[in-house]
Amino acid sequence: MTYTPTTDTAQHTDLDAPLQLLTPEGERRHDARLEPWIADLDAEALQGLYRDMAIARRVDAEGVALQRQGQLGLWAPAQGQEAIQIASARACRPDDFLFPSYRELGVLLVRGAAPADLVLSWRGEVLSTYDPHELHAAPPQIIIGAQALHAVGYAMGVQRDGGDQVAVAYFGDGATSQGDVNEAMVFGSSFGAPVVFVCSNNQWAISEPVTVQSKFPIAGRAPGFGIPSLRVDGNDVLACTAAMRWALDHARRGEGPAFLEAVTYRMGPHTTSDDPTRYRDSAELEKWRTRDPLLRLEAHLREIDAFDDAFRADVDADALSYTTQMRAAAVGATTRPPLALLDSVYAEPHTGIDEEREHFAAYLAGFADEETR
Amino acid sequence: MPEMTMGKALGAGLRQAMADDDRVLIMGEDVGRLGGVFRITDGLLDEFGAARVIDTPLAESGIVGTAVGLALRGFRPVVEIQFDGFVYPAFDQIVCQVAKLHYRTGGKVRLPITIRIPWAGGVGAAEHHSESPEAYFVHTAGLRVVAVSNPQDAYTMLRQAIASDDPVIFFEPKRLYHAKGEVDLAGHVADAAPLGLARVVREGTDVTLLTYGAQVTTAMDAATAAEDDGISIEVIDLRSLSPVDYRTVTASVRKTGRVVVTHEAAREAGVGAELIASVTEKCFHYLESAPVRVTGHDIPYPPAKLERHHLPDLDRILDAVDRVLDRPHSLSEVAQ
């Protein structure tokens, strides 16, 4: 089953046009194409998705707060993008390998990242923490779009191993302007690699609107590479789940790559370093506030009698537990000794680094007396 | 021991590495059916199949970037960049990803990727086909950078590079692809000198001449010519540019007290600059004269008909030898 957007641009400029199963008001919509993929999602499963999204939102708020309090050097807010992050990662098997960008904190949460994993790099203690081979997730990528090629290469490796894992490349709308993302689609398509491209179109690449990246719906590009694509409401966790399941199934069955454009919105700044009031108006923000992914799932859960105060309290407790640990990990972080900065440059001994370590150690040793005084 | 060209030796090294370890893959433009534009991978497609000898789309960043993913999956990709000047589109993937993932993950991710680059000038090639970009990669921590100068090293060092758990930039001088030499194909890689070691190609007592790649041949010619003037030159083939084997280099400099470095790449912030700075730091009190560089000019690579004026030849090296020995030389009358 493949869906491709038409070339009728008019049909796609309307932000409400993406495939949808939940309206912003939380009403369940029917879509014959997506419906079969979520037939098994019962109330409990939906509550699970809500719980993940709520924790992601709380983690994000905590990250911003920690940065404002001087505990983190930087934070890349993800508020508003919880649905696609949680839905796509939840749709994956644990052994599928995910290649997130720096904003995919929800993806890492689903992958079982420890609270420290989300803050220590932003704090500047380490460059990354978790073992990618354990989490089946590459370290978050900062260079825009570079990870799309890594995902395709990993998927080519899966093919050679005769495995049935899928690699998932996450990137934003800005990344679709990068050569690497386009090269990844060429390689993925040419080799029929089991890879899913998830583009979170959050409308803004720092201060540049998506119209600078693309005059045409981004999902419309993939078919030109021979890759089927879907344009989904990225704030609709049901539609995102269905679309991702379709994409994963497509790739896992050996049909080659699939592409998702999740139409969403970054509610906060690009990072805590920028000021979105300089480049976008508050009306836009307010419009998107009405499309909030959590509120609409909450409304739906209430509709099916699966959301009450006890559930909310339970979710809040989970989120608080996680963020408390996250804060403790940040505030209580122990900075490694100076010589650690020379660790792990190479896998095997390197005489140049060995000599630098020796010299730096000798220099540091000169302060030993001062420290013991 | 059989005699073969450096090109054939490289092919034999690839073949052996692939036979020894089925996780070794070859990827690049034209490496399959054509056998590579220099035929280094000739026959490998038939022998190992298209799953292991991958003709890629024409996209260098794509080639290196997908190699990163393959390495994450546990493969050992050997990437061929078709020509030196084509490596720049892959620069980001090499310096930001290949070089840094091990460090970034505290050693949890290893990227045993070998990036083969047919390299440098002297073959009358078209624009972008004769460049010497080695300094960019030497400057980047996390990469090992090696350059071969003869068939035996080509065979052995390529196998060592592939076996290394670190990424290796592997420079192959195009000028020497047809140069012949004996190659011990039966030798065990484990018994060979480690990848990072320099080699004293010719012993001497008056001047240490440091070089690598195709310039080793020119340096040897210069040493032979100098002998007629009673000058004894010690020629060192660095083989590895990151790390540099300073143990071998400084032992030589302490013996001769004089240093000349020659390479094809431009002088400004080049490998020669680093070598001389390091040698000066390590052996200042042994030096009898200021070290001298003999390099390509600080220009874009010139058109083929002029390249012989760009590439350091025997006479320019001898002129530099005269300078470090304080004999009459081209700059004697020039204010220095």
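Throughout, protein chains are lettered first and strands after them, A, B, ... in sequence-line order, and every chain is numbered starting at 1.
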What part of B:Ser278 gets closer than 4.5 Å to chain A, counting heavy atoms only: side chain, backbone, both or neither?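 Neither; nothing under 4.5 Å.
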Engaged part of B:Arg104 at the chain A interface, taking heavy atoms whose separation is under 4.5 Å: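 Both parts, backbone and side chain.
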Portion of [X] that has a non-hydrogen atom of chain B nearer than 4.5 angstrom:
X: A:Gln159; result: neither
X: A:His133; result: side chain
X: A:Val158; result: both
X: A:Ser121; result: neither
X: A:Phe99; result: side chain

Donor-acceptor under 3.5 Å ([X] side chain, [Y] main chain):
X: A:Glu348; Y: B:Asp165; answer: yes
X: A:Tyr346; Y: B:Asp166; answer: no
X: B:Gln93; Y: A:Ala146; answer: yes
X: A:His150; Y: B:Thr66; answer: no
X: B:Tyr103; Y: A:Asp343; answer: no

Using the rule given for side chain to side chain donor-acceptor pair (under 3.5 Å), can you reason through A:Gln147 versus B:Gln97, listing the C-alpha separation, both sets of side-chain angles and the distance that settles it, and then say yes or no? CA-CA 9 Å; A:Gln147 73 277 17; B:Gln97 307 296 333; over 6 Å; no
Charged N-O contact under 4.0 Å between A:Arg160 and B:Asp22: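 No, A:Arg160 and B:Asp22 are not salt-bridged.
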Whether B:Lys282 and A:Glu355 form a salt bridge (side-chain N of Lys/Arg under 4.0 Å from carboxylate O of Asp/Glu) is what I want to check.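 Yes, charged N to carboxylate O under 4.0 Å.
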Heavy-atom pairs under 4.5 Å with chain A - which of B:Leu195, B:Leu143, B:Val64 has more of them than the others?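 Top count of heavy-atom pairs under 4.5 Å with chain A: B:Leu143.
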Which one of B:Thr105, B:Leu111, B:Leu25 has the most heavy-atom pairs closer than 4.5 Å to chain A?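 With the most close heavy-atom pairs to chain A, the winner is B:Thr105.
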Most contacts with chain B, counted as non-hydrogen pairs under 4.5 angstrom, among A:Asp131, A:Asp161, A:Val152, A:Val126: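 Winner by heavy-atom pair count: A:Asp161.
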Which value, rounded to the nearest 0.5 Å, describes the distance between B:Ser61 atom OG and A:Gln178 atom CD?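 CD of A:Gln178 is found 9.0 Å from OG of B:Ser61.
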Minimum-distance pair of heavy atoms, taken over all atoms of B:Ala141 and A:Val345: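 For B:Ala141 and A:Val345, the tightest heavy-atom pair comes out as CB-CG1, 3.9 Å.
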